[in-house]
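These notes concern the structure reproduced below.
Reminder, nothing fancy here: chain letters follow the sequence lines and each chain counts from 1.
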2 protein chains.
Amino acid sequence: MHDHSDMPGHLARRFQQIAVAIFHEEAEAAGFDLTPVQYVALAVLRQHPGIDQATLAGLIAYDRTTIGGVIDRLVQKGLMARAISPKDRRAHVLHLTEAGLATLEGIQPAVEAAQRRMVAGLEPAEVTEFIRLFRKAIAAATERSRVPAKPAP
Amino acid sequence: MHDHSDMPGHLARRFQQIAVAIFHEEAEAAGFDLTPVQYVALAVLRQHPGIDQATLAGLIAYDRTTIGGVIDRLVQKGLMARAISPKDRRAHVLHLTEAGLATLEGIQPAVEAAQRRMVAGLEPAEVTEFIRLFRKAIAAATERSRVPAKPAP
DNA sequence: CACTGATTATCAGTATACTGTCAATTTAGG
DNA sequence: CCTAAATTGACAGTATACTGATAATCAGTG
């Protein structure tokens with residue numbers, strides 16, 4: 001009855017695998033060495049400068065532990081700066097560097113091309129519906145996830 | 001215009017994250033210690049007994065390096081047996097053990113419950129459409145650019 | 001049979017991803 | 001004010017996931 005290729009779990013894994021591969025191809029072709037995860041972290045930080053690691057993790061639904069390593073690599077590449085918050089000495093506040101902003105702007109066309117390629121097999125109306133179903137399924141399941149996405153402060 | 005939460009790439013990552021978390025919850029609640037990847041490997045091996053690692057990897061679109069570690073852990077758990085093929089001494093042919101078959105059958109209800117929970121926020125017709133769009137997008141990406149199979153050198 | 005090229009699996013290295021635990025610190029409650 | 005609870009980020013450990021390199025083996029050709 002249920003082949004694994006009909007299961008949402010397997011399809012999700014396979015689609016994500018393809019999405020990551022396409023992102024890497026487009027980013028590399030454009031001359032950037034940035035992973036999808038690193039890109040989203042930079043993009044969200046541009047919209048919310050000065051947030052700490054936990055807030056950033058909440059905004060993009062990353063695990064608290066995972067985000068530390070991601071930020072380490074972005075800091076090492078010189079794209080992000082990390083400093084201890086004067087208001088809360090536990091927290092590390094984050095800012096984009098000049099290089100980080102330049103990278104974000106430079107990679108934007110490649111990112112958009114990658115998003116289009118991921119759904120290149122679908123009609124435009126199907127793309128819209130695909131995204132709507134993704135968002136609806138995710139919204140319903142978010143309450144039970146250990147990593148719920150939090151709204152911006 | 002383009003928020004990261006509208007991008008297929010980010011939605012794919014988020015949905016997959018939720019799918020894995022739900023799978024683990026259901027599997028653990030049923031008393032099994034099996035990851036989604038390990039489950040699919042076992043399930044496909046039941047349908048194709050005696051295949052080698054490369055064939056298994058191809059059937060479920062796993063990386064050939066990754067599959068080695070997955071099989072290592074399944075062999076260590078006693079769920080799978082690995083032996084050198086008499087026809088091709090490079091190849092390792094795989095079989096389910098008795099325990100592997102028992103685990104597969106025992107975990108089946110939990111797996112099905114997990115698949116339902118992943119799309120619990122969607123109407124039944126939406127679930128069907130969601131799966132159809134997944135398959136269509138994946139099929140197009142797979143045949144167009146052979147992602148993530150090896151690129152033509 | 002020897003040579004070439006392809007295939008099978010492994011290893012090293014890098015990057016997510018999550019669990020559990022811990023120290024430092026802040027906040028809440030009495 | 002002072003202690004208990006919560007929060008922040010780190011660490012160790014496990015599991016995917018992919019790239020590039022390598023050894024062993026097989027298949028096809030001359």
Side-chain angles (χ1 to χ4, degrees), chain A residues 9-10 12-14 16-25 27-28 33-41 51-58 60-77 82-94 145-147 150, chain B residues 9-10 12-14 16-25 27-28 33-41 51-58 60-77 82-94 147-151 153:
Chain A
H10 182 74
R13 184 198 151 276
R14 182 79 177 105
Q16 218 259 329
Q17 178 186 40
I18 290 168
V20 171
I22 289 176
F23 186 100
H24 276 125
E25 281 182 17
E28 189 176 353
D33 176 27
L34 211 60
T35 69
V37 162
Q38 290 168 4
Y39 165 76
V40 176
I51 58 178
D52 63 14
Q53 296 187 189
T55 304
L56 176 58
I60 49 187
Y62 284 19
D63 185 82
R64 238 172 52 251
T65 302
T66 302
I67 200 75
V70 174
I71 293 171
D72 279 347
R73 289 179 278 277
L74 287 169
V75 169
Q76 180 143 29
K77 288 179 183 177
R82 173 163 45 183
I84 293 178
S85 167
K87 297 188 175 182
D88 185 341
R89 302 220 314 267
R90 295 168 303 180
H92 292 185
V93 295
L94 306 170
S145 172
R146 168 184 138 129
V147 190
K150 292 189 280 190
Chain B
H10 182 74
R13 185 199 149 276
R14 182 77 177 109
Q16 218 260 328
Q17 177 186 41
I18 290 168
V20 171
I22 289 175
F23 186 99
H24 275 125
E25 281 181 18
E28 188 176 353
D33 176 27
L34 211 60
T35 68
V37 163
Q38 290 168 4
Y39 165 76
V40 176
I51 58 178
D52 63 15
Q53 296 187 189
T55 304
L56 176 58
I60 48 188
Y62 285 19
D63 185 83
R64 69 189 187 290
T65 301
T66 303
I67 200 76
V70 174
I71 292 170
D72 279 347
R73 288 180 279 276
L74 287 168
V75 168
Q76 180 144 27
K77 288 179 183 177
R82 172 163 45 183
I84 294 179
S85 167
K87 298 187 174 182
D88 184 342
R89 304 228 311 271
R90 296 168 302 180
H92 291 183
V93 294
L94 306 170
V147 174
K150 48 252 165 180

Over all atoms of both residues, closest heavy-atom pair of A:Leu34 and A:Ala27: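 Heavy atoms only, the tightest pair is O-CB, 4.1 Å.
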- prompt: Once you build an axis from the first five pairs and another from the last five of the helix from C:dC1-D:dG30 to C:dG30-D:dC1, how far apart in angle are they, to 10 degrees?
  reply: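 It works out to 10° between the end axes.
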Starting at atom [atom1] of [X], determine the distance to atom [atom2] of [N], rounded to an integer number of angstrom.
X       : N      : atom1 : atom2 : answer
A:Glu25 : D:dT19 : CD    : C1'   : 13 Å
B:Ile71 : C:dT8  : CD1   : C1'   : 12 Å
B:Leu34 : D:dA15 : CG    : C1'   : 12 Å
A:Phe23 : C:dA15 : CZ    : P     : 14 Å
A:Arg13 : C:dA17 : CZ    : C1'   : 14 Å
B:Ile67 : D:dA17 : CD1   : P     : 10 Å
A:Leu94 : D:dT8  : CG    : P     : 13 Å
A:His24 : D:dG20 : NE2   : C1'   : 15 Å

- request: Starting at the 5' end of nucleotides 21-27 of chain C, put B wherever the base has a protein heavy atom under 4.0 Å, S where only the sugar-phosphate does, and a dash everywhere else.
  value: B--BBS-
message: Return whichever of B:Thr55 or A:Val70 has its heavy-atom-nearest nucleotide of DNA chain C closer to the 5' end.
response: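 By nearest-heavy-atom nucleotide position, the 5'-most residue is B:Thr55.
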[N] phosphate, OP1 or OP2: any side-chain N/O from [X] under 4.0 angstrom?
X       : N      : value
B:His92 : C:dT10 : yes
A:Gln17 : D:dC18 : yes
A:Arg82 : D:dA10 : yes
B:Gln53 : C:dT7  : no
A:Gln16 : D:dT16 : no

- prompt: Reckon B:Thr66 touches a base, only the sugar-phosphate, or nothing at all at heavy-atom distances under 4.0 Å?
  reply: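 If one applies the 4.0 Å heavy-atom cut-off, B:Thr66 turns out to touch a base.
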Sequence-distant partners of B:Arg82, salt bridge (Lys or Arg N to Asp or Glu O under 4.0 Å), two or more places apart: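 Scan of B:Arg82 (salt bridge (Lys or Arg N to Asp or Glu O under 4.0 Å), adjacent residues dropped) gives B:Asp72.
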task: Go through the structure and list residues passing salt bridge (Lys or Arg N to Asp or Glu O under 4.0 Å) with A:Arg90, not counting sequence neighbours.
output: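 Checked A:Arg90 against salt bridge (Lys or Arg N to Asp or Glu O under 4.0 Å); matches are A:Asp88.
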- prompt: Side chains of A:Val75 and A:Leu94: does their closest heavy-atom pair fall under 4.5 Å?
  reply: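 Not in contact.
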message: Can you list everything that forms a side-chain contact (heavy atoms from CB on, under 4.5 Å) with B:Val37? Sequence neighbours excluded, please.
response: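 Listed in chain order: A:Arg13, B:Thr35, B:Tyr62, B:Val70.
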side-chain hydrogen bond (donor to acceptor under 3.5 Å, both in side chains) partners for [X], two or more places apart:
X       : answer
B:Asp33 : none
A:Gln38 : A:Lys77
B:Thr66 : none

- prompt: What pairs with A:His10 under ring pair (Phe, Tyr, Trp, His ring centres under 6.0 Å), at least two apart in sequence or on another chain?
  reply: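 So A:His10 forms a ring pair (Phe, Tyr, Trp, His ring centres under 6.0 Å) with A:His4.
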message: Using a 3.5 Å distance criterion without hydrogens, assess whether the side chain of B:Gln53 forms a donor-acceptor pair with backbone atoms of B:Ile71.
response: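 It does not hold such a pair.
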message: Return whichever of A:Asp52 or A:Glu28 has its heavy-atom-nearest nucleotide of DNA chain D closer to the 5' end.
response: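 The answer here is A:Asp52.
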